[in-house]
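To start, the structure itself, in structure tokens.
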Amino acid sequence: MHDPIPTVTLPSGLTVPALGQGTWNMGEKAARTKEEIASLRAGLDLGMTLIDTAEMYGEGGAEEIVGQAIQGRRDEVFVVSKVYPHNASSKGTIQACERSLKRMKIDRIDLYLLHWHGEHPLAETVAAFEALKAAGKIGAWGVSNFDVDDMEELLAVPDGANVATNQVLYNLGRRGIEYDLLPWCQERNIPIMAYSPIEQGRLAHHPELIHIAKTYQATPAQVALAFLLERDGVIAIPKTSNVQRVAENRDSVSLDITDEDWATLDAAFPPPSRKKSLEML
């Protein structure tokens, strides 16, 4: 039996799994389509029912993969997608959303994000998001790659306080948000979605992480995911096209790491002692 996946509560009161699935780099090579679909379906079978994608990934290719993976299972899945900043005008946001819905063959995106802060005024994007919500095309909206000043600017626009999440780069090796952005969001009950939670595999080669993982008969990636699962209001979205790795990611939920080992990891990956500008990949 698997331990249940912890959940995170969105501002609407809806709960989603704290461990979901990413799709960055999917939908770019036809030869990989089958295994990409299979890995997402395997994740759904294991309860990782939140799937994150974006119109940017493979220029719509990843959304098509998601559409195929969730066919016949739409009710089980919490779908997250994103609009390009250059498309995020009042009209452009609505058109981009329609294209994403079409690619995924669904009639609603559960959570629709602005991919990063671009040239269009936030008030305009938010108004478009609210219109999409009113039309039932999206369930909620949020942002991605927003630092504290961006978030404060957002909350100052009409309906800006309806933001449901902020998706940022966060992992053991990139802890800058712990200084200010993470506590700021936690105080306001705005969940953080952590993308590249294993630093696209690079963290797996860190000697200290390897050492601690061995103690638990775990993989370094599992320890890196456990680090994020320990935190309140954080959703991790690892991406893999390997079915076996999907199962490994799922098992990170069962790791119970001692305070002593967390302290060792803190020494190897020190938390920030001052403000750092938000990192992006």
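Here the structure is a predicted model, which is why all the values come from computation and not from measurement.
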Donor-acceptor contact below 3.5 Å, side chain Gln186 vs main chain Asp232: yes
Closest approach of Leu10 to Pro191 (non-hydrogen atoms, all atoms of both residues): CD2-CG, 3.8 Å
Heavy-atom closest contact (Ala88 atom, Thr125 atom, distance): O-OG1, 2.7 Å
CG on Leu278 to CD1 on Ile177, rounded to 0.5 Å: 8.0 Å
Verify same cluster id: Val77, Met104 (apolar side-chain graph, 4.5 Å): yes
Heavy-atom check, side chain of Gln21 versus side chain of Val66, under 4.5 Å: no
Check: Leu281 main-chain N/O paired with Tyr195 side-chain donor or acceptor under 3.5 Å: yes
4.5 Å side-chain heavy-atom contact, Leu181 and Asn166: yes
Check: Thr165 side chain, Gly142 main-chain N or O, donor-acceptor pair, under 3.5 Å: no
Cluster link Phe78 to Val253, ILVMFWY, side chain under 4.5 Å: no
Backbone N/O of Glu64 and side chain of Arg103: donor-acceptor pair under 3.5 Å: no
Sequence neighbours excluded, every pair satisfying salt bridge (Lys or Arg N to Asp or Glu O under 4.0 Å) that has a member inside residues 233-253: none
Flag side-chain contact, heavy atom, 4.5 Å: Pro11 against Asn189: no
Heavy-atom side-chain contact between Tyr216 and Gln222 under 4.5 Å: no
Flag side-chain contact, heavy atom, 4.5 Å: Ile65 against Ile37: yes
Interatomic spacing from CD1 in Ile109 to CG in Leu132 - rounded to 0.5 Å: 8.0 Å
Minimum heavy-atom distance Ser241-Glu36, with the two atoms named: OG-CG, 3.6 Å
Which side-chain N or O atoms in residues 23-33 pair as donor and acceptor under 3.5 Å with protein atoms at least two apart or in another chain?
unit_1 : atom_1 : unit_2 : atom_2 : d
Thr23  : OG1    : Asp52  : O      : 2.8
Thr23  : OG1    : Thr53  : OG1    : 3.0
Thr33  : OG1    : Ala30  : O      : 3.0

Heavy-atom closest pair, residues Leu50 and Pro17: N-CG, 3.9 Å
Between CZ on residue Phe227 and CG on residue Leu255, distance to nearest 0.5 Å: 14.0 Å
N/O donor-acceptor pair under 3.5 Å between Glu124 side chain and Ser89 backbone: no
Other residues, nucleotides, ligands: >12 heavy atoms within 6.0 Å of Asp149 CG: yes
Beyond-backbone contact of Arg99 with Asn87, side-chain heavy atoms, under 4.5 angstrom: yes
Verdict with reasoning, Ile190 to Phe146, per side-chain contact (heavy atoms from CB on, under 4.5 Å): CA-CA 12 Å; Ile190 300 168; Phe146 270 43; over 6 Å; no
side-chain contact (heavy atoms from CB on, under 4.5 Å) evaluation trace for Trp141 with Leu113: CA-CA 6 Å; Trp141 62 267; Leu113 312 181; over 6 Å; no
Residues in side-chain hydrogen bond (donor to acceptor under 3.5 Å, both in side chains) contact with Arg231, at least two apart in sequence or another chain: Tyr170
Whether Ser39 side chain and Thr240 backbone form a donor-acceptor pair below 3.5 Å: yes
Charged N-O contact under 4.0 Å between Lys276 and Asp147: no
Close side-chain approach of Asn249 and Ile198, heavy atoms under 4.5 Å: yes
Partner set under ring pair (Phe, Tyr, Trp, His ring centres under 6.0 Å) for Phe269, not counting sequence neighbours: His206
Inter-residue atom distance Ile51.CD1 - Ser81.OG, 0.5 Å rounding: 11.5 Å
Intermediate values then yes/no, side-chain contact (heavy atoms from CB on, under 4.5 Å), Leu182 and Val234: CA-CA 9 Å; Leu182 181 61; Val234 174; 3.8 Å; yes
Residue pair Asn162, Lys133: steps toward the side-chain contact (heavy atoms from CB on, under 4.5 Å) verdict: CA-CA 11 Å; Asn162 291 342; Lys133 206 160 81 176; 3.9 Å; yes
Distance in Å, Arg41 CZ paired with Leu44 CG, rounded so as to fall on 0.5 Å steps: 9.0 Å
ILVMFWY cluster, Ile5 and Val16 together (side-chain gap under 4.5 Å): no
Partners meeting ring pair (Phe, Tyr, Trp, His ring centres under 6.0 Å) with Tyr112 (sequence neighbours left out): Phe129
Exam field: side chain Ser144 to backbone Gln167, donor-acceptor pair closer than 3.5 Å: yes
Derivation and outcome, salt bridge (Lys or Arg N to Asp or Glu O under 4.0 Å), residues Glu63 and Lys102: CA-CA 9 Å; Glu63 288 182 327; Lys102 213 171 186 171; over 6 Å; no
Same cluster (ILVMFWY, side-chain, under 4.5 Å), Tyr179 and Met151: no
Heavy-atom check, side chain of Asp107 versus side chain of Leu101, under 4.5 Å: no
Interatomic distance, Leu225 atom CG to Ile237 atom CD1 [nearest 0.5 angstrom]: 11.5 Å
Backbone N/O of Tyr84 and side chain of Glu55: donor-acceptor pair under 3.5 Å: yes
Heavy-atom pair with the smallest gap, counting every atom of Val246 and Ala42: CG1-C, 4.1 Å
Polar side chain donor-acceptor pair, Glu199 to Asn171, under 3.5 angstrom: yes
Donor-acceptor pairs under 3.5 angstrom involving side-chain atoms of residues 114-121: please list them, not counting sequence neighbours.
unit_1 : atom_1 : unit_2 : atom_2 : d
His117 : NE2    : Glu153 : OE1    : 3.2
His117 : NE2    : Glu153 : OE2    : 3.4
His120 : NE2    : His86  : O      : 3.3

Minimum heavy-atom distance Leu203-Pro197, with the two atoms named: CD1-O, 3.9 Å
hydrophobic_cluster_shared for Ile192 and Trp184, side chain cutoff 4.5 Å: yes
